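The figures here come from the full heavy-atom set of this structure, side chains too, leaving out hydrogens, waters and symmetry mates. Letters A, B, ... mirror the listed sequences (proteins, then strands); counts begin at 1. The structure presented is a predicted model; accordingly, all values stated were derived computationally and were not measured.
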Amino acid sequence: MDMTGEYRIGAPRTEVWAALNDPAVLKACIPGCEELDKTSDTSFEAKVVQKIGPVKARFAGTVELANINAPESYTIQGEGNGGVAGFAKGAADVHLAENEDGSTTLSYEVHATVGGKLARLGSRLIDSTATKLATRFFEAFQAHLDPEAEAPRSDEDETDAAAGPSA
Amino acid sequence: MGTGIGARVKRKEDRRFITGKGKYTDDIRMENQAYAAFVRSPHAHAKVTGIDKSAALAMEGVIDVLDGHQLTGDGIGNLICGWAISSRDGSPMNMGAWSALATEKVRYVGDAVAVVIAESQALARQAAEMVEVSYEELPAAVFADKALQPGAPQVHDNAPGNLIFDWVIGEEEATEAALAGSAHVVDIDLTNNRLSPNPMEPRAAVATYDEAEDHYTLYTTSQNPHVARLVLSAFYQVAPEHKLRVIAPDVGGGFGSKIYIYPEEITCLWASMRTQRSVKWTGDRSEAFMTDAHGRDHISNVKLGFDADHRITGLKIETIANLGAYMSLFSSVTPTYLHATLYSGQYVIPHIFGNVKAVYTNTVPVDAYRGAGRPEACYMIERAMEVAARQLGVDPAELRRKNFINEFPYQTPVILTYDAGDFGGNLDKAMKAADVAGFAARKAEAAARGKLRGMGYSCYIEACGIAPSAAVGSLGSGVGLWESAEVRVNPVGTIEILTGSHSHGQGHETTFAQIVSDRFGVPMENVSIVHGDTDKVQFGMGTYGSRSGAVGMSAIVKAMDKIEAKVKKIAAHQLEASEDDIVIEGGEVKVKGTDRKLAWHEIGLAAYTAHNLPPDMEPGLKEGAFYDPSNFTFPAGCYIAEVEVDPDTGVTEIIQFTAADDFGTIINPMIVEGQVHGGVAQGIGQALLEQVVYDEDGQLITGSYMDYAMPRADDVPFYTIEHNTTVCPSNPLGIKGCGEAGAIGAPPAVINAITDAIGTDALSMPATPQKVWMALQSTASLQAAE
Amino acid sequence: MTQVTLTVNGKSVSRDVPDTMLLSEFLREELRLTGTHVGCDTSQCGACVVHLDGRAVKSCTALAVAHSGSAVTTIEGLASGKTLHPMQEAFNEHHGLQCGFCTTGMIMTGVDMVNRYKAAGKALTPEAIRKELEGNICRCTGYHNIVKAIEDAATRMDGMAQAAE
């Protein structure tokens with residue numbers, strides 16, 4: 001599954017870059033993130049709760065930062081094991097470009113895969129769910145840096161709010 | 001009409017099913033029963049680098065967590081394929097090791113690595129989630145054609161290039177020459193879509209080890225409990241046969257998928273010894289999709305040559321068959337001897353050559369599923385015939401008729417000798433019932449409503465009975481394919497028939513009782529059928545390959561022959577007549593032309609009191625027989641599908657489905673028609689709806705009924721069923737078999753009808769609305785460009 | 001654990017069960033009424049259909065505790081003693097079953113369907129039966145004889161209703 005996106009953030013690139021490397025910011029912006037602990041300069045351990053279709057699971061996994069080219073780009077890659085729910089892994093190439101007005105354009109390309117029960121029961125929903133999760137992450141991230149910007153679309157939905165059979 | 005052969009007798013077994021009193025494996029609860037849940041690989045291909053059981057073992061109520069090293073350590077053997085196939089160069093097939101619980105490597109999503117035994121099913125499943133397995137992921141080979149390409153990931157080390165065998169049948173050079181000299185050659189690529197069998201009852205097993213007797217009992221969802229016991233004993237070393245009882249109680253459908261002995265049954269038996277508990281496992285639908293053997297999955301090229309007079313000159317088929325990650329019990333014979341031996345179809349084809357490459361992939365094993373190799377053969381031949389008629393500009397029925405085999409016995413170029421048939425008669429009956437003559441008017445009427453109407457034929461033939469044991473042995477079978485029966489006449493004259501066949505929907509309790517009632521004039525209710533228990537029935541080969549009628553009932557007939565001989569001796573002795581003058585009629589044993597007679601029950605009583613038997617006769621009235629067929633049987637028929645396609649949506653509606661089958665003698669037409677209905681529905685499912693999908697990483701993404709489209713009531717029509725009987729000469733009742741015909745004959749009829757409607761042959765199964773619509777757009781754009 | 005009290009096939013039963021227990025599990029494991037079958041895990045196949053307060057429900061999708069106080073009819077409660085319900089008779093008469101696994105759910109769905117159509121004064125045509133069977137999967141029969149059986153049972157149930165009047 002692949003997706004791309006682009007956001008204009010009303011903050012200078014160095015500030016955006018710093019936020020992208022700040023565990024507290026990342027934790028606040030990753031949907032369903034319960035824990036994000038730095039284990040080295042470029043790696044984190046994470047616990048994330050997600051619901052995809054009928055499968056709800058707590059993923060324990062690692063997040064690594066690679067291809068770091070401060071303050072322009074990096075690759076953020078992660079893999080999580082949701083136990084019997086299966087696994088998910090993916091990588092996002094994030095690129096920051098300075099705009100003439102001092103704002104920053106963040107663009108990303110994500111490639112992600114899922115396995116196990118997630119694939120078996122939720123595959124129809126993976127693309128839409130992943131797109132939604134990415135949107136929510138970057139909108140939250142944008143809002144964090146640029147509270148003046150247009151408020152993120154309110155698409156609070158069943159993704160993690162509603163109760164459902166857990167995996 | 002009574003209850004004899006040919007009567008539409010209502011089923012005896014129905015009462016327990018319609019009142020909810022059937023006894024399926026999951027309905028059984030043993031004392032001291034624990035529950036198993038399997039820890040399964042989420043990866044298609046990975047090394048197992050560690051299993052941490054501690055968290056699961058720490059849970060209250062978890063009895064044990066067992067893994068593959070313990071299993072193999074206890075001497076449990078690997079799963080085997082029961083039919084040896086050699087490659088064209090004479091080398092044996094490359095069979096990779098398959099342990100019931102994986103030790104070093106997992107090879108498909110769902111491959112079991114450990115089992116949790118706990119006090120409840122819910123607890124076992126929870127604990128299975130707590131078992132932490134570490135994997136080192138490996139790239140996966142998922143699609144059969146790609147798996148053969150250089151550099152593809154290797155599924156088994158001993159199958160280089162993932163090739164299991166490269167098998168040939170027929171004459172290559174002569175066929176090439178025939179094709180080269182043909183006036184016209186149809187050349188098409190066809191895919192036979194991968195299916196999940198989906199009996200409605202998921203697989204289950206309840207295993208009990210009795211330490212005092214050192215004896216095992218297994219209740220399981222099996223089509224062939226004796227074969228299960230044989231394999232569990234001889235190959236998997238679970239227990240010797242006399243220490244192992246296998247019972248297949250009511251079984252909720254099989255369609256081939258319950259022939260095989262799976263890792264779960266083996267593991268439950270072994271775990272019951274390990275834990276000293278009865279161990280029950282009930283699969284859920286998700287596990288069924290992941291672990292039940294799939295069916296079909298062939299990629300083929302077909303070349304069919306014709307001379308200027310439209311007579312077939314030769315046929316060449318090259319096929320790649322996906323066998324999945326391990327070789328299941330009959331996986332090797334399904335795409336070879338059960339498949340390519342039918343390449344001649346119903347036609348005189350002077351030269352045939354077939355090549356089948358069987359391939360390992362990181363998917364669940366593929367094995368026989370209703371039809372088993374024959375639907376794949378039929379699909380290719382019948383699609384090719386339809387395409388040929390279109391390319392040659394002739395009527396598809398007449399092209400078939402011109403090439404039909406009309407003289408029997410007929411030796412095909414691919415091993416089989418067809419013994420009897422009336423292919424032209426089948427076609428005539430089907431065309432009349434389908435009102436082919438009125439089709440043009442119906443098509444015009446549909447066009448006026450904006451619908452595309454099409455008609456498609458399929459003239460199928462299958463080889464059933466799976467026969468002579470010596471013949472299948474010479475072709476590589478590890479087992480004989482006879483059947484056994486025992487007829488027990490009780491002192492009160494009631495009769496018990498013990499059979500090695502197994503009924504899981506086929507109605508044996510009725511049909512088998514009918515032939516006994518017919519023979520001896522005993523009321524149906526005085527006949528009971530005993531099956532599915534290795535302690536009651538000595539041996540049997542079970543039910544698959546449409547063999548219970550042709551082989552199973554023939555064994556009963558042979559045993560009844562022996563009973564009849566003894567009954568006549570007793571009656572002759574008691575009535576002071578010659579044996580030759582004794583006749584059995586209407587429940588009485590009479591001296592021909594006199595009023596001297598004994599009631600049936602009096603014979604039974606005489607046999608057991610033994611007060612007045614002929615000198616040297618043993619008391620009792622019980623006879624057994626083993627029947628080994630002298631040939632396969634050859635059910636054949638003609639199916640005609642009529643469809644309407646909505647060009648706006650691509651939705652296909654099957655307006656009419658006509659089947660004219662030749663099954664030989666029919667014992668109970670009601671049951672036989674029911675078999676055709678069900679088979680045709682599965683064939684329509686394959687043609688329109690069903691497709692197992694793995695993604696490129698080997699993840700199964702059709703893992704539930706949300707994503708795997710099963711035929712539902714409004715996907716199928718009422719079916720029109722006709723019979724055209726030629727008696728099978730090779731067995732005493734003249735039966736050919738009927739269980740698989742529908743699934744074999746229906747798919748090409750449906751696809752031929754849709755392609756007729758939309759005007760292009762570029763359409764693959766399942767013909768979903770999206771695919772049909774896309775095909776329509778491409779023909780529309782072609783027409784626009786012209 | 002929560003106490004669940006249900007009237008099942010006319011008899012009151014009470015059990016302490018986990019909150020997560022499904023009605024299908026309650027019937028099969030607690031009451032050993034094993035005629036209610038479980039054929040899938042996504043509420044698609046309909047083998048588990050029972051009547052809950054007179055309506056057909058998939059018991060694999062209902063929590064037992066959520067229905068405490070309700071009346072449940074299972075396949076075991078459909079016949080009156082030795083006299084079969086007309087729907088059961090029709091399934092036998094028309095060979096509407098083969099392996100029998102989906103059958104109990106089919107029969108319970110069939111009875112509910114006929115009752116609803118009768119109450120609404122609507123004709124239960126074969127087309128309507130096929131649509132109504134959307135939630136019940138059968139792999140054996142190809143549905144032909146199931147549709148015939150339900151159609152015939154609808155007529156037989158007319159007779160039953162008249163006899164009761």
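With rounding to the nearest 0.5 angstrom, the CG atom of Leu138(B) is 11.5 Å from the CD atom of Gln154(B). Atoms CD and CD, from Glu79(A) and Glu64(A) in turn, are 8.5 Å apart once rounded to the nearest 0.5 Å. Taking CG of Leu101(B) as the reference point, atom CZ of Arg40(B) lies at 9.5 Å (rounded to 0.5 Å).
Applying the 6.0 Å contact sphere to CZ of Arg58(A) captures no more than 12 heavy atoms from other residues, nucleotides or ligands.
Contacts of Glu696(B) with chain A are absent, with no heavy-atom separation under 4.5 Å from either backbone or side chain.
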Report the C-alpha distance between Lys132(A) and Thr129(A) in whole Å, list the side-chain angles of each, state the deciding distance to 0.1 Å, and finish with yes or no for side-chain contact (heavy atoms from CB on, under 4.5 Å). CA-CA 5 Å; Lys132(A) 207 174 288 177; Thr129(A) 306; 5.6 Å; no
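Near-neighbour residues of residues 286-295 of chain B relative to chain A, defined by a heavy atom under 4.5 Å from a heavy atom of that chain, comprise Ser286(B), Met290(B).
In this pair, Phe137(A) and Phe141(A) present their aromatic rings parallel. The plane angle is below 30°, not in the 30 to 60° band.
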